Amino acid sequence: MSEKGAHFRTQTDTEVILKAYEEWGEKCLERFNGMFAFVLWDRRRKLLFAARDRFGIKPFYYFWDGDSFLAASEVKALLSHPLVRRTANEETIYDYLLFGFQDHSAATFFRSIQQLPPSHYLMIDTQTGKMKTERWWDLKSNEPSNGKNVDINDAKRRFHDLLADSIKLRLRSDVPIGVCVSGGLDSSAIAYLVEKVERNGRQNHAGSHPSRKGFSCCFEDSECDDRLYIDAVTNGLSMEPHKVFPQGEDLWKDLEEMTWMMDEPFRSSNQFSQWTLMKLISKNGIRVAMSGQGADEILGGYRGYASVFIATLFRQHKWRQAWHEWVQTRSDERGISKLMLTGRILYGLSPSIFSNAVPIMERATGINLKMKSREFIDAGFLQRHSGRYVDRLKNQHVNWSNVRRKLYEDLFKYSLPQLLHYEDRMGMAFSVETRHPFLDHRLIEYLYSLPSSLIYRNGQHKWILRQSMSDILPEVISNRKDKKGFITPESRWTKMGAAYMTKLFSSNSGMAASPFVNSKKILNGLSSNVQKDAYSQHTDIWRPLNLEVWLRKFNVHT
């Protein structure tokens, strides 16, 4: 900007946005890298212009009735205005209760409030009174049909360099930056690259540099605990480790406050791990933290991706490679049976047959084939919104491979948007800004130009990340096969909250008779599980529970 003659009074990003818009108009967005959400008034063109970053890292909520426009980064800010009604959005609630979906569309849990989707801008022409939203950036799949023409070593170097440069950009700060260390591949790669980038920087700039602080969630429950891997990372770096041990009792104490900070119900008690982690980071005086969010969605990190990759190979008639990956996946994927893996692959080969068959079989048998959670939801509410299951399976990228479509869906619709929602709100609750090196558009655009075989290979998820970091990461991390993430001992924690939930859903407790849930069956389910000392339905119960808390906390009209 300076070389074009722009004069800056400050060193803030805000002024850069204004100068960039003045120079390039709405096309200025294409030149930005990172997270943002803003609205500005174009006095010359009489336009209100608003935009959100490519992946929706930062929130943007708005109200528009054709006359008044309100915008904020939090729903609760809009609710304070008398024009904004607190009426529940039944379609969004249905998707949340049945599928656990959230932030998968422009709709919110409030009918009168919308959110600007990721990589979209909004423009209101005050002379005509018309508003339009438009996508200003999108991914294109340039996946080569023949991966043999790709230089693998060059691809690994390029991936490594792009990720390192993304980290270098995101290390710019006026305050110390911490690192979230989960013990998984993603956060470990960031931690090691942060030190490598800083070490290279110190070679060019003399002076001492304090050790970086790392922050981790740990549990005494071995099924949830990752201290073995966390210590392998922090012990290999000049990093000062900080650990927190979330407690179930505190979940029930903080639940209402968490719901208030989230603005909307959240998916499970797993988010409490992140809540306590952000609290720990803030207590240590850190205001910016590096996060590995987004790696699973761009590198096929979830377990379900294995079957999608293998199904794609079958569809491409790569029989030998598909068989090889099936064998490798069976030996590497823990807890997945041959039957389950085969079933998932068959679904990947013919998703339309399955999606069309499910509602037909449900209508014929009256039995839900997908979700146990249906029994806790009001029957009339379910009937009013039946059919949305098929709608959610539609995908506009019909010419893409199964792998690319799945990655794209999770990146922009079903996975990452809600995870970014949770992380942003919990971080901001404790004045912590999280930064996401894996969500650099240059890195992701490059990945979409590579064959899928470099993402999933030899039964390993995130193959190119593992390979590009193999000479840096400890072997116990780079070869790690299991995945935990932000999990909690949900069964035990649900038992701790049984009294709280029983009181919440009792008939004399006010809003428990909401038109969305079946309070009687929830209470029966709680009673049954308490007697059995087993909580196989804890996830199914959680969503109605958190919905009920949200309805009361925000005084929502149903």
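These numbers were taken from a predicted model, which means no experiment stands behind them.
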query: Without hydrogens or angle criteria, can the side chains of Glu134 and His120 be said to hold a donor-acceptor pair below 3.5 Å?
result: no
- prompt: Going by atom types only, do Ser182 and Asp226 share a side-chain donor-acceptor pair under 3.5 Å?
  reply: no
message: Can you confirm whether Thr434 sits close enough to Gln293 that some side-chain heavy atom of one is under 4.5 Å from a side-chain heavy atom of the other?
response: no
query: Would you say the side-chain atoms of Glu423 and His436 include a donor-acceptor pair closer than 3.5 Å?
result: yes
message: Has Gln102 got a side-chain atom pairing as donor or acceptor with Pro265's backbone, closer than 3.5 angstrom?
response: yes
Distance-only donor-acceptor check, side chains Arg170 and Asn33, under 3.5 Å: yes
- request: Measure from the side-chain N and O atoms of Tyr96 to the backbone N and O of Phe266, and report whether any donor-acceptor pair falls under 3.5 Å.
  value: yes
task: Using side-chain contact (heavy atoms from CB on, under 4.5 Å) as the criterion, list what pairs up with Ala107, not counting sequence neighbours.
output: Asn89, Thr92, Ser105
field: Ion pair Lys413/Asp103, N-O distance below 4.0 Å
entry: no
message: Could you go through Glu445 and Trp137, starting from their C-alpha distance and side-chain angles, then the distance that decides it, and tell me whether this counts as side chain to side chain donor-acceptor pair (under 3.5 Å)?
response: CA-CA 11 Å; Glu445 287 168 347; Trp137 178 85; 2.9 Å; yes
query: Is the closest basic N to carboxylate O distance between Lys553 and Glu264 below 4.0 Å?
result: no
task: Output every pair passing salt bridge (charged side-chain N to carboxylate O under 4.0 Å, His left out) with a member in residues 69-81, not counting sequence neighbours, ordered by first then second residue.
output: Glu74-Lys76, Lys76-Asp263
message: I'd like to know if the side chain of Ser415 pairs up with that of Glu297 as donor and acceptor (distance under 3.5 Å, no hydrogens or angles considered).
response: yes
message: Quick check against the 3.5 Å criterion: does Ser187 have a side-chain atom that pairs as donor or acceptor with the backbone of Gly292?
response: no
- prompt: Considering only heavy atoms from C-beta outward, does the side chain of His557 approach that of Arg85 to under 4.5 Å?
  reply: no
message: Could you check whether any side-chain N or O of Arg404 sits under 3.5 Å from a backbone N or O of Asn142, counting only pairs where one atom can act as donor and the other as acceptor?
response: no
Point-to-point distance, once rounded to the nearest 0.5 Å, from CD of Glu490 to CZ of Phe272: 13.0 Å
- request: Answer with yes or no after comparing the ring centroid distance for Trp542 and Phe376 against a 6.0 Å cut-off, counting only values under it.
  value: no
query: Between Trp252 and Tyr500, how do the two ring planes meet: parallel, tilted or perpendicular, split at 30° and 60°?
result: tilted
field: Spacing of CH2 belonging to Trp260 relative to CH2 belonging to Trp550, to within rounding of 0.5 Å
entry: 12.0 Å
Aromatic ring proximity Tyr408/Tyr448, centre distance under 6.0 Å: no
query: Is there a donor-acceptor contact under 3.5 Å linking the side chains of Ser269 and Thr488?
result: yes
- request: Return yes if some donor-acceptor pair links the side-chain N/O of Ser216 with the main-chain N/O of Val181 below 3.5 Å, else return no.
  value: yes
- prompt: Is it true that a side-chain atom of Arg552 and a backbone atom of Leu504 form a donor plus acceptor pair closer than 3.5 Å?
  reply: yes
task: Report yes or no: does Asp53 contribute a side-chain atom to a donor-acceptor pair with the main-chain N or O of Phe36 at less than 3.5 Å?
output: yes
- request: Under the ring-ring contact (aromatic ring centres under 6.0 Å, His included) rule, collect the residues that match up with Trp136, sequence neighbours excluded.
  value: none
task: Would you check if there is a donor-acceptor pair between the side chains of Tyr422 and Gln418 at a distance under 3.5 Å?
output: yes
statement: CD1 of Ile541 to CG of Leu523, rounded to nearest 0.5 Å, is 9.5 Å
task: Taking Asn518 for its side chain and Lys521 for its backbone only, find out whether a donor-acceptor pair lies under 3.5 Å.
output: yes
message: How long is the straight-line distance from OG of Ser73 back to OH of Tyr61, given to the nearest 0.5 Å?
response: 9.0 Å
task: Could I get the full list of side chain to side chain donor-acceptor pair (under 3.5 Å) partners for Lys58, not counting sequence neighbours?
output: Asp424
message: If you apply the rule side chain to side chain contact (heavy atoms under 4.5 Å, CB included), what do you find for Trp463 with Leu299, and how did you get there?
response: CA-CA 8 Å; Trp463 186 83; Leu299 292 165; over 6 Å; no
message: Just to verify, what does Arg52 make a salt bridge (charged side-chain N to carboxylate O under 4.0 Å, His left out) with, not counting sequence neighbours?
response: none
message: Under 4.0 Å between a side-chain nitrogen and a carboxylate oxygen: does that hold for Lys462 and Asp186?
response: yes
message: Can you list everything that forms a side-chain contact (heavy atoms from CB on, under 4.5 Å) with Pro489? Sequence neighbours excluded, please.
response: Phe219, Asp221, Cys224, Arg492, Trp493
query: Honestly, is Arg135 close enough over Phe412, meaning NZ or CZ under 6.0 Å from the six-membered ring centre and within 45° of the axis?
result: yes
query: Any sub-3.5 Å donor-acceptor pair from His81's side-chain atoms to Leu83's backbone N or O?
result: yes
field: Centroid-centroid under 6.0 Å between Tyr121 and Phe49 rings
entry: yes
query: Using the ring of each side chain (for Trp, its six-membered ring), is Tyr305 parallel, tilted or perpendicular to Tyr302, with breaks at 30° and 60°?
result: parallel
- request: Verify, without hydrogens or angle tests, whether Ser282 (side chain) and Lys279 (backbone) share a donor-acceptor contact under 3.5 angstrom.
  value: no
